[in-house]
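Beneath this line is the structure, given in structure tokens, with notes to follow.
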Amino acid sequence: MRLMSYAPVLAAAFVLWPIMGMLGGQGYAPLLGLAALPALALARPKWPPALYAIPAILFVIWVVIGEAWSPVSTGLISGSLMEGNFGVKASSVRIFLTAAFALLAVGGAMRIADGRAQVSTRVMLGAFAAQGLILAITTIFAGPLLTAIYGTDPVDVASGVQNLGRNANAFALILPVLIAYLSVRPQFFWKPVVALLVVTSLLFFTRLDNQSAVIGLVFMMAAMGLIRALPVHGFRALFTAIGAYIAAAPMVIGTGLRLLEAYNIHLPASFQSRAWAWHIVIGKIAERPVTGHGISASKTWEDTYADHPDWLARLPDFWAAYKVVPGHPHNMALQIWAETGMIGAILVGFSLVLLGFRLPQPDKMREDIRYAIAGMTGVAFSLFNFAYSMWNEAFWSSLALAAVAIILLSKRQRESL
């Protein structure tokens with residue numbers, strides 16, 4: 001495969017991006033795999049690997065090792081081919097494969113020659129715009145569409161609402177790419193278009209009651225502002241701050257929770273339930289601070305609100321049987337600590353710090369690219385803190401594809417930049 005031929009492969013993958021989002025985002029993992037496999041002809045293992053990649057690779061290895069003491073582990077594989085029930089149910093294997101596919105896709109995209117992605121980039125941006133249009137339509141007409149597709153069963157409707165939220169999260173991830181691309185166009189016409197895009201996205205996220213995406217927009221603008229304020233050390237400051245936060249998450253979040261209690265501050269319902277879950281998780285971290293409880297261990301934590309009368313007193317009675325930690329902590333930093341321990345947290349944090357020092361200075365990058373990287377980092381940080389499980393391969397696949405989108409955009413030559 002010639003170097004120039006991988007850009008159309010990525011364009012074809014991005015054509016499917018809005019469809020996967022509309023279906024709830026679970027298709028992003030196989031989409032990443034489909035996009036990555038052709039890169040086998042392009043990507044070549046780099047040895048030694050980049051410095052920032054070493055702790056990241058060690059973390060993935062540590063996650064696989066942690067399967068050994070996970071209370072929910074069924075082994076790396078289950079069933080048998082002869083009985084027709086063979087499956088790879090281990091979360092660690094899925095994360096390992098996702099990481100491998102991400103490395104392949106990124107490696108292949110990096111090898112695209114400059115100027116060889118002109119059409120492919122337009123196709124990609126068109127697909128992102130289509131996703132925004134689909135999100136707008138499904139948000140405005142959410143009521144009748146949910147009824148038509150999911151019927152009147154509350155459980156099915158709730159699943160549909162969750163799919164709308166996941167589509168909003170996926171759009172939030174690539175929104176910085178659209179904003180960065182449009183904002184540097186020389187014609188003044190595009191300036192109000194960018195402002196309208198940000199405001200309407202905020203309105204749609206709010207209407208969907210998707211706080212993670214709303215906060216993601218705030219973090220996106222803050223990260224872009226940081227890069228503008230620190231044109232030399234912006235990425236170092238951004239990624240070092242995130243890495244330090246992950247390394248110190250139990251202390252940082254625990255201090256925040258104690259301050260909320262001390263000043264008797266009550267959060268909105270969804271955030272208050274997360275805060276109570278984080279209380280439980282921090283307690284679990286203290287039980288096994290070095291190695292953690294094993295991957296996906298949070299699924300086994302059975303504390304209900306009935307076990308915490310003070311919390312239940314602020315809730316309707318039917319919450320009594322609900323688990324305080326509903327499957328996962330809804331905070332990846334705490335989940336890393338709880339399930340992979342201090343070892344995992346330090347590896348992840350150190351990798352991010354090294355990445356910040358490895359990236360070029362913002363003022364030495366093209367304007368649209370530096371703002372796209374910063375904005376996407378801000379959105380991802382919000383989803384990292386409030387939305388998904390650490391072992392949700394669909395989310396990590398969508399983030400990997402979004403990162404590939406920035407690389408593809410960088411391969412497009414812009415005469416005015």
Side-chain angles (χ1 to χ4, degrees), residues 26 29 55-79 87-99 162 212 245-254 256-257 273-308 311 319 321-352 383-397 399:
Q26 298 307 305
I57 293 170
L58 291 175
F59 173 73
V60 173
I61 294 172
W62 178 245
V63 168
V64 175
I65 294 172
E67 193 81 38
W69 59 84
S70 169
V72 298
S73 176
T74 57
L76 297 182
I77 60 175
S78 62
V88 180
K89 296 184 178 181
S91 297
S92 59
V93 174
R94 298 198 301 271
I95 291 298
F96 178 84
L97 291 175
T98 300
Q162 191 174 46
S212 299
Y245 161 76
I246 293 172
M251 182 177 65
V252 172
I253 296 174
L257 294 176
S273 64
R274 283 177 172 84
W276 286 329
W278 298 344
H279 271 288
I280 300 295
V281 175
I282 290 173
K284 295 292 185 181
I285 291 171
E287 294 175 5
R288 296 193 66 174
V290 178
T291 61
H293 292 265
I295 188 170
S296 297
S298 55
K299 292 180 179 179
T300 67
W301 298 338
E302 300 294 336
D303 289 55
T304 66
Y305 285 98
D307 300 316
H308 302 273
W311 299 345
W319 278 67
Y322 287 3
K323 292 171 63 174
V324 182
V325 181
H328 63 87
H330 287 82
N331 182 287
M332 293 190 194
L334 288 181
Q335 190 172 6
I336 290 170
W337 267 93
E339 298 181 0
T340 69
M342 180 179 63
I343 294 174
I346 290 177
L347 288 173
V348 173
F350 191 43
S351 178
L352 288 171
L383 301 180
F384 180 91
N385 276 285
F386 304 115
Y388 296 105
S389 165
M390 179 64 193
W391 319 121
N392 187 317
E393 69 275 9
F395 164 72
W396 290 112
S397 296
L399 181 58

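These values consider heavy atoms only, across backbone and side chains, with no hydrogens, waters or symmetry-generated copies.
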### Task
Step by step, work out the side chain to side chain contact (heavy atoms under 4.5 Å, CB included) result for F384 and I336.
CA-CA 11 Å; F384 180 91; I336 290 170; 4.1 Å; yes
### Query
Can you tell me how far CH2 of W396 sits from OG of S389, rounded to the nearest 0.5 angstrom?
10.0 Å
### Query
Relative to the ring of H293, is the ring of W301 parallel (under 30°), tilted (30 to 60°) or perpendicular (over 60°)?
perpendicular
### Query
Which heavy atom of F350 sits nearest a heavy atom of P55, and at what distance?
CD2-CG, 4.2 Å
### Query
So do I343 and V290 actually touch side chain to side chain, heavy atoms under 4.5 Å?
yes
### Query
CZ/F386 to CZ/R274 distance, rounded to the nearest 0.5 angstrom?
8.0 Å
## Note on the structure
To the nearest 0.5 Å, atom CD1 of I246 lies from atom CG of L334 at 10.5 Å
### Query
Within a reach of under 6.0 Å around OH of Y245, are more than 12 heavy atoms found that belong to other residues, nucleotides or ligands?
yes
### Message
So if I apply the side-chain hydrogen bond (donor to acceptor under 3.5 Å, both in side chains) rule between S298 and each of H328, E339, K284, which one comes out positive?
### Response
E339
### Message
Rounded at 0.5 Å granularity, tell me how far CG in L347 sits from OG1 in T340.
### Response
8.0 Å
### Task
Please identify each residue that fulfils side-chain contact (heavy atoms from CB on, under 4.5 Å) with P326, with sequence neighbours left out.
H330
### Task
Report yes if some heavy atom in the side chain of V324 is under 4.5 Å from a heavy atom in the side chain of D307; otherwise report no.
no
#### Entry: Gap between atom OG1 of T300 and atom NZ of K323 - 0.5 Å precision
7.5 Å
#### Entry: Atom of S70, atom of I295 and distance for their closest heavy-atom approach
OG-O, 2.5 Å
#### Entry: Backbone N/O of A286 and side chain of W337: donor-acceptor pair under 3.5 Å
no
### Task
Identify, with sequence neighbours excluded, every residue that meets side-chain contact (heavy atoms from CB on, under 4.5 Å) alongside A56.
S351
## Note on the structure
Heavy atoms of L383 and M332 approach each other most closely as O-CE, 4.4 Å
### Message
Nearest 0.5 Å, please: how far is OH in Y322 from OH in Y305?
### Response
10.5 Å
### Query
Can you find a heavy atom in the side chain of W391 that is under 4.5 Å from one in the side chain of T98?
no
### Query
Does the side chain of M342 reach to within under 4.5 Å of the side chain of P289, using non-hydrogen atoms?
no
